[in-house]
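Along the sequence shown, the residues carry numbers beginning at 1.
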Amino acid sequence: LDKAITLAIQNNPQLKAAQARAGVSEADIVTASARVNPSLVSDNGIAEKTYRLGLEQTVELGGKRRRRVALAQAQRDVVLAEINTQLLDIRANVRRAYTETFNLQERQTATQDIVATTERLLAVTRERERAGDVAALDVLQADIITVNAQNDLQTLAYQVVAARNRLNTLLNQPLPTTMILTPPGNFLETSPSPTTTASGPGTLRGGVSRADVDLGQLIQTALARRPELQQNLRNLAVADRQLALARANRIPNLVIAGGYDAVTGQEGAHNAFVIGSLELPILNRQQGPIRQALALRAQLEAEQAALRNQVALEVTNAHTAWLANRERVLRYEAE
(Lines give C-alpha, C1' and ligand atoms only; values in the text may rest on other atoms or scores of the structure.)
Protein backbone atom coordinates (compact mmCIF):
# COMPACT_ATOMS: atom_id res chain seq x y z
CA LEU A 1 0.00 0.00 0.00
CA ASP A 2 2.81 2.44 0.85
CA LYS A 3 4.49 1.71 -2.47
CA ALA A 4 1.21 2.25 -4.30
CA ILE A 5 0.70 5.63 -2.61
CA THR A 6 4.27 6.66 -3.46
CA LEU A 7 3.79 5.57 -7.08
CA ALA A 8 0.54 7.51 -7.35
CA ILE A 9 2.12 10.68 -5.95
CA GLN A 10 5.04 10.38 -8.39
CA ASN A 11 2.84 9.77 -11.45
CA ASN A 12 -0.30 11.83 -10.80
CA PRO A 13 -0.62 14.38 -13.65
CA GLN A 14 -2.93 16.73 -11.72
CA LEU A 15 -0.40 16.91 -8.89
CA LYS A 16 2.42 17.61 -11.35
CA ALA A 17 0.35 20.43 -12.85
CA ALA A 18 -0.24 21.94 -9.40
CA GLN A 19 3.47 21.70 -8.63
CA ALA A 20 4.20 23.48 -11.91
CA ARG A 21 1.76 26.23 -10.89
CA ALA A 22 3.80 26.65 -7.72
CA GLY A 23 6.77 27.55 -9.91
CA VAL A 24 4.60 30.04 -11.78
CA SER A 25 3.57 31.57 -8.45
CA GLU A 26 7.21 32.04 -7.48
CA ALA A 27 7.75 33.86 -10.76
CA ASP A 28 4.71 36.04 -10.03
CA ILE A 29 6.38 37.16 -6.78
CA VAL A 30 9.46 38.24 -8.74
CA THR A 31 7.23 40.11 -11.20
CA ALA A 32 5.31 41.84 -8.40
CA SER A 33 8.53 43.03 -6.78
CA ALA A 34 9.81 44.66 -9.98
CA ARG A 35 10.17 48.43 -10.00
CA VAL A 36 9.06 50.79 -12.79
CA ASN A 37 11.75 51.47 -15.40
CA PRO A 38 12.82 55.09 -16.03
CA SER A 39 12.02 56.76 -19.34
CA LEU A 40 14.21 58.90 -21.57
CA VAL A 41 12.68 62.37 -22.10
CA SER A 42 13.51 64.74 -24.99
CA ASP A 43 11.68 68.07 -25.28
CA ASN A 44 12.97 70.28 -28.10
CA GLY A 45 11.56 73.65 -29.25
CA ILE A 46 13.30 74.89 -32.37
CA ALA A 47 11.49 78.26 -32.43
CA GLU A 48 12.46 78.97 -28.83
CA LYS A 49 15.88 77.40 -29.40
CA THR A 50 15.32 75.28 -26.30
CA TYR A 51 16.53 71.72 -26.03
CA ARG A 52 15.93 69.37 -23.11
CA LEU A 53 17.19 65.87 -22.49
CA GLY A 54 16.60 63.97 -19.27
CA LEU A 55 15.04 61.02 -17.43
CA GLU A 56 11.51 60.49 -16.14
CA GLN A 57 10.80 58.20 -13.21
CA THR A 58 7.49 57.08 -11.69
CA VAL A 59 7.60 56.90 -7.88
CA GLU A 60 4.93 54.55 -6.49
CA LEU A 61 3.38 55.94 -3.33
CA GLY A 62 1.26 54.20 -0.69
CA GLY A 63 3.29 50.98 -0.51
CA LYS A 64 1.88 49.57 -3.75
CA ARG A 65 4.92 47.43 -4.53
CA ARG A 66 4.98 45.93 -1.03
CA ARG A 67 1.28 45.09 -1.28
CA ARG A 68 1.69 43.56 -4.72
CA VAL A 69 4.40 41.28 -3.34
CA ALA A 70 2.18 40.34 -0.38
CA LEU A 71 -0.67 39.50 -2.77
CA ALA A 72 1.59 37.32 -4.95
CA GLN A 73 2.89 35.51 -1.87
CA ALA A 74 -0.67 34.87 -0.67
CA GLN A 75 -1.58 33.47 -4.10
CA ARG A 76 1.45 31.18 -3.93
CA ASP A 77 0.27 29.94 -0.51
CA VAL A 78 -3.09 29.07 -2.09
CA VAL A 79 -1.32 26.91 -4.68
CA LEU A 80 0.71 25.16 -1.95
CA ALA A 81 -2.51 24.50 0.00
CA GLU A 82 -4.06 23.09 -3.18
CA ILE A 83 -1.09 20.73 -3.53
CA ASN A 84 -1.64 19.54 0.06
CA THR A 85 -5.33 18.97 -0.70
CA GLN A 86 -4.48 16.92 -3.79
CA LEU A 87 -1.94 14.88 -1.81
CA LEU A 88 -4.61 14.02 0.75
CA ASP A 89 -7.08 13.09 -1.98
CA ILE A 90 -4.50 10.88 -3.72
CA ARG A 91 -3.60 9.07 -0.50
CA ALA A 92 -7.25 8.55 0.43
CA ASN A 93 -8.28 7.39 -3.05
CA VAL A 94 -5.35 4.98 -3.36
CA ARG A 95 -6.01 3.53 0.11
CA ARG A 96 -9.66 3.02 -0.79
CA ALA A 97 -8.96 1.53 -4.22
CA TYR A 98 -6.12 -0.68 -2.95
CA THR A 99 -8.18 -2.05 -0.06
CA GLU A 100 -11.20 -2.61 -2.31
CA THR A 101 -9.11 -4.45 -4.92
CA PHE A 102 -7.39 -6.62 -2.33
CA ASN A 103 -10.69 -7.42 -0.64
CA LEU A 104 -12.31 -8.41 -3.95
CA GLN A 105 -9.36 -10.63 -4.84
CA GLU A 106 -9.65 -12.39 -1.47
CA ARG A 107 -13.41 -12.81 -1.96
CA GLN A 108 -12.77 -14.19 -5.45
CA THR A 109 -10.35 -16.78 -4.05
CA ALA A 110 -12.82 -17.76 -1.33
CA THR A 111 -15.68 -17.98 -3.84
CA GLN A 112 -13.57 -20.24 -6.07
CA ASP A 113 -13.25 -22.60 -3.10
CA ILE A 114 -17.01 -22.37 -2.52
CA VAL A 115 -17.69 -23.21 -6.20
CA ALA A 116 -15.37 -26.22 -6.00
CA THR A 117 -17.10 -27.37 -2.81
CA THR A 118 -20.60 -26.97 -4.24
CA GLU A 119 -19.61 -28.85 -7.40
CA ARG A 120 -18.34 -31.76 -5.26
CA LEU A 121 -21.56 -31.56 -3.25
CA LEU A 122 -23.60 -31.76 -6.46
CA ALA A 123 -21.60 -34.75 -7.70
CA VAL A 124 -22.09 -36.56 -4.37
CA THR A 125 -25.81 -35.76 -4.35
CA ARG A 126 -26.23 -37.18 -7.87
CA GLU A 127 -24.41 -40.37 -6.87
CA ARG A 128 -26.70 -40.73 -3.84
CA GLU A 129 -29.75 -40.14 -6.02
CA ARG A 130 -28.67 -42.90 -8.39
CA ALA A 131 -28.23 -45.14 -5.36
CA GLY A 132 -31.71 -44.19 -4.16
CA ASP A 133 -30.50 -42.52 -0.96
CA VAL A 134 -31.91 -39.03 -1.71
CA ALA A 135 -34.76 -37.58 -3.72
CA ALA A 136 -34.43 -35.69 -6.99
CA LEU A 137 -35.37 -32.50 -5.09
CA ASP A 138 -32.10 -32.71 -3.16
CA VAL A 139 -30.19 -32.88 -6.45
CA LEU A 140 -32.07 -29.84 -7.72
CA GLN A 141 -31.27 -27.87 -4.56
CA ALA A 142 -27.57 -28.75 -4.81
CA ASP A 143 -27.63 -27.74 -8.48
CA ILE A 144 -29.19 -24.36 -7.61
CA ILE A 145 -26.53 -23.76 -4.93
CA THR A 146 -23.79 -24.55 -7.45
CA VAL A 147 -25.24 -22.22 -10.10
CA ASN A 148 -25.55 -19.38 -7.57
CA ALA A 149 -21.94 -19.84 -6.49
CA GLN A 150 -20.81 -19.80 -10.12
CA ASN A 151 -22.79 -16.60 -10.72
CA ASP A 152 -21.19 -15.01 -7.66
CA LEU A 153 -17.75 -15.98 -8.96
CA GLN A 154 -18.47 -14.47 -12.38
CA THR A 155 -19.73 -11.23 -10.81
CA LEU A 156 -16.64 -11.02 -8.61
CA ALA A 157 -14.39 -11.54 -11.65
CA TYR A 158 -15.91 -8.44 -13.29
CA GLN A 159 -15.64 -6.48 -10.03
CA VAL A 160 -11.96 -7.40 -9.67
CA VAL A 161 -11.25 -6.17 -13.20
CA ALA A 162 -13.08 -2.89 -12.51
CA ALA A 163 -11.25 -2.42 -9.20
CA ARG A 164 -7.88 -3.08 -10.83
CA ASN A 165 -8.70 -0.54 -13.53
CA ARG A 166 -9.53 2.09 -10.92
CA LEU A 167 -6.29 1.41 -9.06
CA ASN A 168 -4.21 1.49 -12.26
CA THR A 169 -5.84 4.79 -13.20
CA LEU A 170 -4.89 6.31 -9.84
CA LEU A 171 -1.33 5.05 -10.32
CA ASN A 172 -1.33 6.42 -13.91
CA GLN A 173 -0.49 3.01 -15.35
CA PRO A 174 -1.97 1.16 -18.36
CA LEU A 175 -5.29 -0.46 -17.45
CA PRO A 176 -4.16 -4.06 -18.31
CA THR A 177 -1.30 -3.80 -15.79
CA THR A 178 -1.51 -6.66 -13.28
CA MET A 179 -0.09 -6.18 -9.81
CA ILE A 180 0.25 -8.61 -6.93
CA LEU A 181 -1.16 -6.80 -3.92
CA THR A 182 0.16 -7.63 -0.49
CA PRO A 183 -2.29 -7.36 2.40
CA PRO A 184 -2.76 -3.82 3.72
CA GLY A 185 -1.46 -3.28 7.24
CA ASN A 186 -4.81 -3.75 8.95
CA PHE A 187 -5.24 -7.22 7.36
CA LEU A 188 -1.89 -8.68 8.36
CA GLU A 189 -3.15 -10.37 11.52
CA THR A 190 -4.56 -13.82 10.71
CA SER A 191 -5.83 -14.94 14.10
CA PRO A 192 -8.01 -13.31 16.75
CA SER A 193 -6.16 -11.31 19.35
CA PRO A 194 -5.86 -13.23 22.65
CA THR A 195 -6.98 -10.09 24.50
CA THR A 196 -10.28 -9.91 22.64
CA THR A 197 -13.33 -11.03 24.59
CA ALA A 198 -17.02 -10.66 24.07
CA SER A 199 -17.30 -7.83 26.56
CA GLY A 200 -13.84 -6.83 27.75
CA PRO A 201 -11.34 -4.44 26.19
CA GLY A 202 -8.81 -5.57 23.65
CA THR A 203 -7.87 -5.41 19.99
CA LEU A 204 -9.97 -7.03 17.32
CA ARG A 205 -8.52 -9.02 14.45
CA GLY A 206 -6.74 -6.68 12.06
CA GLY A 207 -5.73 -4.26 14.80
CA VAL A 208 -9.18 -2.70 15.23
CA SER A 209 -9.25 -1.19 18.70
CA ARG A 210 -12.29 -1.70 20.86
CA ALA A 211 -11.58 1.54 22.74
CA ASP A 212 -14.17 4.24 22.20
CA VAL A 213 -13.03 7.28 20.20
CA ASP A 214 -14.32 10.72 21.17
CA LEU A 215 -16.26 12.08 18.19
CA GLY A 216 -15.89 15.69 19.28
CA GLN A 217 -12.11 15.35 19.42
CA LEU A 218 -12.06 13.75 15.97
CA ILE A 219 -14.05 16.66 14.53
CA GLN A 220 -11.75 19.23 16.13
CA THR A 221 -8.70 17.40 14.76
CA ALA A 222 -10.19 17.34 11.27
CA LEU A 223 -11.11 21.04 11.43
CA ALA A 224 -7.52 21.85 12.37
CA ARG A 225 -5.87 19.64 9.74
CA ARG A 226 -8.10 19.31 6.69
CA PRO A 227 -6.23 21.02 3.83
CA GLU A 228 -9.35 22.27 2.03
CA LEU A 229 -10.10 24.40 5.08
CA GLN A 230 -6.52 25.66 5.06
CA GLN A 231 -6.80 26.39 1.35
CA ASN A 232 -9.94 28.44 1.92
CA LEU A 233 -8.15 30.40 4.64
CA ARG A 234 -5.35 31.09 2.17
CA ASN A 235 -7.96 32.38 -0.30
CA LEU A 236 -9.26 34.67 2.45
CA ALA A 237 -5.74 36.00 2.87
CA VAL A 238 -5.61 36.65 -0.88
CA ALA A 239 -8.87 38.62 -0.66
CA ASP A 240 -7.41 40.69 2.19
CA ARG A 241 -4.27 41.41 0.16
CA GLN A 242 -6.38 42.37 -2.86
CA LEU A 243 -8.36 44.79 -0.70
CA ALA A 244 -5.18 46.34 0.71
CA LEU A 245 -3.72 46.74 -2.80
CA ALA A 246 -6.93 48.29 -4.15
CA ARG A 247 -6.94 50.83 -1.32
CA ALA A 248 -3.26 51.59 -1.91
CA ASN A 249 -3.95 52.14 -5.61
CA ARG A 250 -6.18 55.08 -4.66
CA ILE A 251 -3.00 56.97 -3.75
CA PRO A 252 -1.65 58.54 -6.97
CA ASN A 253 1.90 57.97 -8.15
CA LEU A 254 4.39 60.80 -8.45
CA VAL A 255 6.06 61.26 -11.83
CA ILE A 256 9.33 63.24 -11.78
CA ALA A 257 11.39 64.23 -14.81
CA GLY A 258 14.71 66.05 -14.78
CA GLY A 259 17.78 66.59 -16.90
CA TYR A 260 19.84 68.96 -19.05
CA ASP A 261 18.26 72.20 -20.37
CA ALA A 262 20.05 74.11 -23.14
CA VAL A 263 18.99 77.43 -24.76
CA THR A 264 20.96 78.44 -27.87
CA GLY A 265 21.28 81.82 -29.59
CA GLN A 266 22.79 85.17 -28.53
CA GLU A 267 21.40 84.84 -24.99
CA GLY A 268 22.01 81.13 -24.68
CA ALA A 269 22.20 79.38 -21.35
CA HIS A 270 22.83 75.94 -19.97
CA ASN A 271 20.91 74.69 -16.94
CA ALA A 272 18.79 71.88 -15.56
CA PHE A 273 15.04 71.29 -15.60
CA VAL A 274 12.68 69.49 -13.21
CA ILE A 275 9.06 68.55 -14.00
CA GLY A 276 6.66 66.81 -11.64
CA SER A 277 3.12 65.51 -12.11
CA LEU A 278 0.61 63.90 -9.79
CA GLU A 279 -2.67 62.25 -10.79
CA LEU A 280 -5.76 63.65 -9.06
CA PRO A 281 -7.83 60.73 -7.63
CA ILE A 282 -11.22 62.34 -8.28
CA LEU A 283 -13.10 60.21 -10.81
CA ASN A 284 -11.56 56.78 -10.27
CA ARG A 285 -10.94 55.90 -6.64
CA GLN A 286 -10.76 52.09 -7.11
CA GLN A 287 -14.39 51.63 -6.12
CA GLY A 288 -14.79 48.51 -8.30
CA PRO A 289 -11.72 46.55 -7.10
CA ILE A 290 -12.50 47.42 -3.47
CA ARG A 291 -16.10 46.19 -3.74
CA GLN A 292 -14.92 43.07 -5.56
CA ALA A 293 -12.42 42.24 -2.82
CA LEU A 294 -15.06 42.79 -0.10
CA ALA A 295 -17.59 40.61 -1.94
CA LEU A 296 -14.98 37.87 -2.46
CA ARG A 297 -14.14 37.94 1.23
CA ALA A 298 -17.81 37.58 2.20
CA GLN A 299 -18.14 34.66 -0.24
CA LEU A 300 -15.07 32.89 1.15
CA GLU A 301 -16.28 33.34 4.74
CA ALA A 302 -19.58 31.68 3.82
CA GLU A 303 -17.69 28.88 2.04
CA GLN A 304 -15.52 28.39 5.12
CA ALA A 305 -18.60 27.88 7.28
CA ALA A 306 -20.01 25.43 4.72
CA LEU A 307 -16.71 23.53 4.59
CA ARG A 308 -16.60 23.23 8.37
CA ASN A 309 -20.12 21.78 8.35
CA GLN A 310 -19.16 19.37 5.56
CA VAL A 311 -16.04 18.20 7.42
CA ALA A 312 -18.05 17.66 10.61
CA LEU A 313 -20.63 15.63 8.63
CA GLU A 314 -17.96 13.49 6.95
CA VAL A 315 -16.19 12.75 10.24
CA THR A 316 -19.49 11.92 11.94
CA ASN A 317 -20.51 9.55 9.13
CA ALA A 318 -17.07 7.92 9.09
CA HIS A 319 -17.17 7.49 12.87
CA THR A 320 -20.63 5.91 12.64
CA ALA A 321 -19.50 3.54 9.88
CA TRP A 322 -16.40 2.63 11.89
CA LEU A 323 -18.50 1.76 14.95
CA ALA A 324 -20.87 -0.35 12.86
CA ASN A 325 -18.06 -2.29 11.18
CA ARG A 326 -16.25 -2.74 14.48
CA GLU A 327 -19.36 -4.39 15.91
CA ARG A 328 -19.58 -6.65 12.85
CA VAL A 329 -15.97 -7.74 13.32
CA LEU A 330 -16.61 -8.43 16.98
CA ARG A 331 -19.75 -10.40 16.19
CA TYR A 332 -17.90 -12.61 13.68
CA GLU A 333 -14.98 -13.21 16.02
CA ALA A 334 -16.87 -13.71 19.31
CA GLU A 335 -20.15 -15.26 18.20
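- Distance alone, capped at 3.5 Å, is enough to place a donor-acceptor pair between the H319 side chain and the V213 backbone.
- Side chain to side chain, E303 and Q299 meet the donor-acceptor criterion of an N or O pair below 3.5 Å.
- The environment of R91 atom CZ is sparse: at most 12 non-hydrogen atoms of other residues, nucleotides or ligands sit within 6.0 angstrom.
- A149 approaches V115 most closely through the heavy-atom pair O-CG2, 3.4 Å.
- Contact check for L61 versus L254: side-chain heavy atoms found under the 4.5 Å cut-off.
- No side-chain heavy atom of N44 sits under 4.5 Å from any side-chain heavy atom of T50.
- Here the side chain of R65 pairs a donor or acceptor atom with the backbone of S33 at under 3.5 angstrom.
- For the residue pair A81 and R234, the shortest heavy atom distance occurs at CB-CG, 4.0 Å.
- Here the side chains of R326 and L330 are not in contact, with every heavy-atom distance at 4.5 Å or above.
- Under the side-chain hydrogen bond (donor to acceptor under 3.5 Å, both in side chains) criterion, K3 pairs with no residue, sequence neighbours left out.
- Residues E279 and N253 form no side-chain contact, since every pair of their non-hydrogen atoms from C-beta on lies 4.5 Å or further apart.
- Remark: the backbone N or O of R164 is paired with a side-chain donor or acceptor of N168 at under 3.5 angstrom.
- Using a distance-only test at 3.5 Å, with no hydrogens or angles considered, a donor-acceptor pair links the side chain of N93 to the main chain of D89.
- Checked by atom type and distance alone, the side chain of R226 never pairs as donor or acceptor with a backbone atom of L307 at under 3.5 Å.
- A donor-acceptor pair under 3.5 Å is absent between the side-chain atoms of Q75 and the main chain of D28, judged by distance alone.
- The line from CG of L181 to CG of L1 is 9.5 Å long, rounded to the nearest 0.5 Å.
- Between L233 and Q304, some side-chain heavy-atom pair lies under the 4.5 Å cut-off.
- Between the side chain of Q287 and the backbone N or O of R285, at least one donor-acceptor pair lies under 3.5 Å.
- In summary, the side chains of E119 and Q150 do present a donor paired with an acceptor at a separation below 3.5 Å, with no hydrogens or angles considered.
- A salt bridge links R130 with E127; the closest basic N to acidic carboxylate O contact falls under 4.0 Å.
- You'll find the side chain of Q242 stays beyond 4.5 Å of the side chain of Q292, heavy atoms only.
- By the salt bridge (charged side-chain N to carboxylate O under 4.0 Å, His left out) test, D261 is found to be paired with R52, residues two or more places apart in sequence or in another chain being considered.
- Here the side chains of Y98 and T182 are in contact, with some heavy-atom distance below 4.5 Å.
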With side chain to side chain donor-acceptor pair (under 3.5 Å) as the test, would you mind laying out the steps for Q112 and Q108 before giving the verdict? CA-CA 6 Å; Q112 289 171 346; Q108 186 181 34; 5.0 Å; no
